[in-house]
Amino acid sequence: MATGFAKTRLCVLAALFAVAFAFVLGARADDEQPAQQQPAGAAAAEKAPSGQKGGGGRATAPAAPSVAELHRLPPDSSTRQTLELPGRTLSFTAIAGSIRLFDDKGEPQADIAYTSYQLDGTEARNRPVTFLFNGGPGASSAWLQLGDAGPWRLSITGEGAVASASPELLPNAETWLDFTDLVFIDPVGTGYSRFVATGDDARKRFYSIDGDVSSIALVIRRWLEKYDRLPSPKFVAGESYGGIRGPKIVRNLQTQQGVGVRGLIMVSPVFDFRERSGSSLLQYVASLPTMAAVAREAKGPVTHKDLAEVERYARGEFLLDLVKGKSDTEATNRLADKVAGLTGIDQAVSRRLSGRFEIGEFRREFDRRNGKVTGRYDASVTGFDPYPDSSYFHFGDPSGDSLTAPLTSAAVDLTRNKLNWRPDGSYYLLSDAVGRAWDFGRGPAESVSELRQVLALDPKLKLLVGHGLFDLATPYFATRIVLDQLPAYASPDRVKLVVYPGGHMFYSREGARQEFRSEVQALMK
């Protein structure tokens, strides 16, 4: 009888070991594979209640979940979607999910959320795939996904650009999905992406220029492996601070991850912070054409070609007079009066400021007589100054702040209801906490060095940059100056700048969105 009891105990232990082993395999399989490919053993293990009895033995005490598991995002959700668009119907697979990142000791660090769209009926391994992210730092990818390239679009202009606007998503006739699969990435701390590690070490690492770049590049490689897309032509697209991320990520992919990239698509990027503030005179050169464009737009439509004369003046006589300094009264008054004429700002104000308008000063002075300020993202948009009589600046951005509510609501509704992925916790469209914690290192950030390197390393790599005329956050002429300094191998057939009437999110305007889509499609051909 004692022998039989021992055998029974051995059977019980073996059964418990098998269940535990299946659970471990299931957890790892869930990390490495799409949800629809999850092994049956893992699914069974997840459904088995803790404390389950086996072979008549005693109930086991439930193991306390780790911190990483408590913070874990839910399994990936895969749904089949059909989109009716003018002249065509798109059938595709949408996946909302996450990729877990580990440190060099194998400890879990963060779950990075992504949303991917893959067109059905195509040879996936030969089809282009584009990875998209926004900037901030601290911004989710909702702007590019719901404003420009994704299958559904939210109107973010006109009546749609107010905080109380309905967050209704509409089919996006200008989606890029016709010619490339799409993967939108939310860096940790944005969207639903989150840390699973405790302590400050992970945050310090991820909230830095290099740590951020390494994490996004690794997510791209992991996604390619997860869906067997390493042979696909690969493209990277970033907006705003994405101009710092983009070239650095491509460089990391080329040299650290073993992943080649065909093209880099930059939307309203900043490539170099070094010349945008402080004592640099180039900050005034870079912003002058945009300020002049805003003044002309107030009188009627304006295009990039209409600014050719202003650009010549900015990099010619204007710069020469700036260099002479304020001690040269004649040069200072000459440029101040010229700037007043180009911007429509009172001559006396321009002379008081020596013709050197910082962004905030221009935004307040442009329509001060009516108690209004211009937008930063789109200076052709104006709003009321809440403190028009104050000596200090106490205003937000009428072209950007009002989009927070509708974009956030639309992103949450899309994820939870259309894509059937329901993480707990809050969705962060733009996280101030990430921005405050960001470590920019010892000096102003720049990615021009990496841009030169990636273009030099791969002669087939192409760069497309899109800007809006009225964008004071990242003025288009600053990019023009950067691109003009590239070596001869960055020839016009490889590097292209396009500028449209519009602001930072120039794609909010239908014409600009259509034209930029055509440019992206041409790049991928």
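Position 1 is the first residue of the sequence; numbering continues from there.
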Are there more than 12 heavy atoms of other residues, nucleotides or ligands under 6.0 Å from atom [atom1] of [X]?
X: Arg494; atom1: CZ; result: yes
X: Phe384; atom1: CZ; result: no
X: Tyr428; atom1: OH; result: no
X: Glu519; atom1: CD; result: yes

Minimum side-chain heavy-atom gap Phe184-Ser140 below 4.5 Å = no

By side-chain contact (heavy atoms from CB on, under 4.5 Å), which residues pair with Asn420, not counting sequence neighbours?
-> Ser77, Thr79, Arg422

Residues which pass side chain to side chain donor-acceptor pair (under 3.5 Å) with Ser449, listed by chain and number, not counting sequence neighbours | Glu446

Could I get the full list of ring pair (Phe, Tyr, Trp, His ring centres under 6.0 Å) partners for Phe516, not counting sequence neighbours?
-> Phe506

If we ignore angles and hydrogens, is there a donor and acceptor under 3.5 Å between the side chains of Thr175 and Tyr117?
-> no

Regarding Asn134 and Ser141, is there a side-chain donor-to-acceptor distance under 3.5 Å anywhere?
-> no

Gap between atom CZ of Arg194 and atom OG of Ser426 - 0.5 Å precision = 9.0 Å

Measure the acute angle between the ring planes of Trp223 and Tyr227, then classify it against the limits of 30° and 60° as parallel, tilted or perpendicular.
-> tilted

Taking all heavy atoms of Arg72 and all of Asp111, pick out the closest pair and write down the distance.
-> CA-OD2, 3.5 Å

